[in-house]
Amino acid sequence: MQNQPSADKLERSSADPPAISYCLSNVSQETRRRLKCSGRVVIEDVCLQRCGHCFGGPFLLVGERLVSGASHEEMLQSIDESPEVWRHP
Amino acid sequence: MNVLFISIDSLNRHFLKRYGQPVELKVPTPNLDRFAERAVTFDTHYAGSLPCMPARREYFTGVQEFLWRAWGPTEPFDVTLPLAARRAGAITQLITDHFHYFQHGSHGYYQDYHGFEFVRGHEYDAWKTAPKDPDPRLLQQIKAEDPHDLGFMNRVAYARNVAGFTREEDFFAPKLFGAAAQWLEHNHAHAKWLLVVDSFDVHEPFHCPEPYASMFTDEDPQDPELVNWPYYGRTDQGQSRLSERQVAFVRAQYAGKLAMVDTWLGKVLDRLDALALWDDTTIIITTDHGHFLGEHGWMGKPRAPMYNVLTHTPLFIWHPESAFKGQRVSALTSAVDLYATMTEALAAEVPAVTHSKSLLPLVKGEVSSHRDWALYGYWGSTVNVTDGHYTLLMPCREDVPAYTYGTMMMNPHRWFVPPQAQKDAEAGRFLPYTDTPVWRYPDKSYTRHELPLLFDVRADPWQRENLAGQGLQDEARMRQLLINALQDLQVPDEQYDRLALDKPS
């Protein structure tokens, strides 16, 4: 058998906007659609292993930083208004 | 005939010497090797329903559940393995550290045994609530960010559970396999017995004692910069992002843990030798699925294509009447077949309709082939098929919902928190393998790739070259094989819509 493939080595610059991750169960179908079409780097996962937060209410991960709020829209607006805060956690 | 079933969770086939060990870490597994020298090694064995509890529904009830249902309990119409074994006159015992048996929504898997032993404390097991502030280095290594957060599934649980662990014998595999060896000592005199040993190791957290922690790395195993419980996902982005150094450390800790599991598995094999139990016992060693450790750029059991890293699994079976002792069998087999294999060995009666087909005729050399297809996947996501030569991974449409069918309202995607009421549910006799009415309710579909992926896994075992979309006859053949399999199983009509397949008339 051949040796295993190496891990991909795609490195992102620290100046790039961080990826925004969300759990499938934490969004409505409409929010899911809007996140995917938002032009951001978005990661949809079926489970981000943040079950306590997911059970508690809307949340997002900005890079590795967890953000919770009243709604995903409100959190995205907050991210848009202060991009420098989220770029350098 | 007695049955000893051993599941070693997240056991990567490609880390095992018996399967060629095509990785840089040459993990010594002398005990698995000595078992394999006696047993049949299955070369073309595949997982079915993933991950943990769906795999156990296959092992222990013979139902390939992912086409109808997600992670959940046994059903009232299931005949569980221990129930069938009881009726066949066997004493039955479960020994496990698999805490998912005891969580919300996954009941029914341990209650039918005469005895069960639960080794406490693995991963998120809700066991210890002290110390309030566990070892800060371990908290960092397991990525437990807020130890005082009171939400479900806080990683601090693990740090608290292991706070008193000082010796190798305190860890999970030593306790589990030690208990199994002791059970054999005390119970082998029963006329017939079933022992299920369900080890959560080699599952993460990849936290293990010395000498294993330093066996495959020169790093300080307690360096807080080195993660031993990485998040699932891509290794190059998001919360699962890891440096090459961190990936190497994770792999080393996985390898160390595997070496520890093997050492303690040896205690069970020693007991089988000492008690001369081989002549009247069927013994199965397998896993529920693999675990990405950087292969294809992924970590864990993520939302990745269902590559063979996760789904092509090890299986070894010892049977005293085997025609292939110490040999290999290339026939295609599936995890769901283990239910019928064990019930046949126990001479137990089972329902007329299951998805399971005993491997004993294959083991005894009475037949040379076993099944034409094996299906595998997660509920609500892609559906994947193999004939043992090719794998076809079919994407699903996300605009067509998936439906759950079951007698209990559960969370199709959010398994580890209290079940929520499914207010869109309807009831009816929807299942082809029972006339029991069940709930039916929708949830989101999610794909893992946009287009079909086809691999010739004999020529390309790491699935590097996608052959789909080239008009190959093998793609059309595998597509038809998938349709045939779905038709054989009588899956719900929406599965054809989700997979953009024409439903046969």
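We name chains A, B, ... by the order of the sequence lines, and we start the count at 1 in each one. Because the structure is a prediction, the values reported are computed rather than measured.
- In terms of heavy-atom pairs under 4.5 Å with chain B, the best-connected choice from Ile43(A), Leu24(A), Leu61(A) is Leu24(A).
- Within the 4.5 angstrom heavy-atom criterion, no atom of Arg33(A) approaches chain B.
- Of all non-hydrogen atoms in Glu398(B) and Gln29(A), the two that sit nearest each other are O-NE2, 3.7 Å.
- For a residue to count as touching a neighbouring chain, one of its non-hydrogen atoms must lie under 4.5 Å from one of that chain's; by this rule Phe292(B) does not touch chain A.
- Among Asn411(B), Val417(B), Asn154(B), the residue making the largest number of heavy-atom pairs under 4.5 Å with chain A is Val417(B).
- For the side-chain hydrogen bond (donor to acceptor under 3.5 Å, both in side chains) criterion with Gln239(B), the lone passing option out of Arg65(A), Arg50(A), Gln49(A) is Arg50(A).
- Around atom NZ of Lys36(A), more than 12 heavy atoms belonging to other residues, nucleotides or ligands sit under 6.0 Å away.
- Heavy atoms of Phe416(B) lying under 4.5 Å from chain A belong exclusively to its side chain.
- Side chain of Arg303(B) to backbone of Val46(A): no donor-acceptor contact under 3.5 angstrom is found.
- Residue Glu64(A) comes nearest to Gly238(B) through the heavy atom pair CG-O, 4.1 Å, listed as atom of the first residue, atom of the second, then distance.
- Among Tyr378(B), Trp415(B), Tyr232(B), the residue with the largest count of heavy-atom pairs under 4.5 Å with chain A is Tyr232(B).
- Both the backbone and the side chain of Pro418(B) come within contact range of chain A, judged by heavy atoms closer than 4.5 Å.
- Counting heavy atoms of neighbouring residues, nucleotides and ligands inside a 6.0 Å radius, atom CD of Glu30(A) exceeds 12 of them.
- If you tally non-hydrogen atom pairs under 4.5 Å between each of Cys47(A), Gly56(A), Ser21(A), Ser25(A) and chain B, the highest count goes to Ser25(A).
- Residues Tyr446(B) and Arg32(A) form a side-chain contact, since some pair of their non-hydrogen atoms from C-beta on lies under 4.5 Å apart.
- Side chain of Arg414(B) to backbone of Cys54(A): a donor-acceptor contact under 3.5 angstrom is found.
- Looking at Ile20(A), there are no atoms closer than 4.5 Å to chain B (heavy atoms on both sides), in backbone or side chain.
- Looking at Lys444(B), its side chain does come within 3.5 Å of a backbone N or O of Val27(A) through a donor-acceptor pair.
- Only the side chain of Glu145(B) comes within contact range of chain A, with at least one heavy atom under 4.5 Å from a heavy atom of that chain.
- Here NE2 of His104(B) is found 11.5 Å from SG of Cys51(A). Values are rounded to the nearest 0.5 Å.
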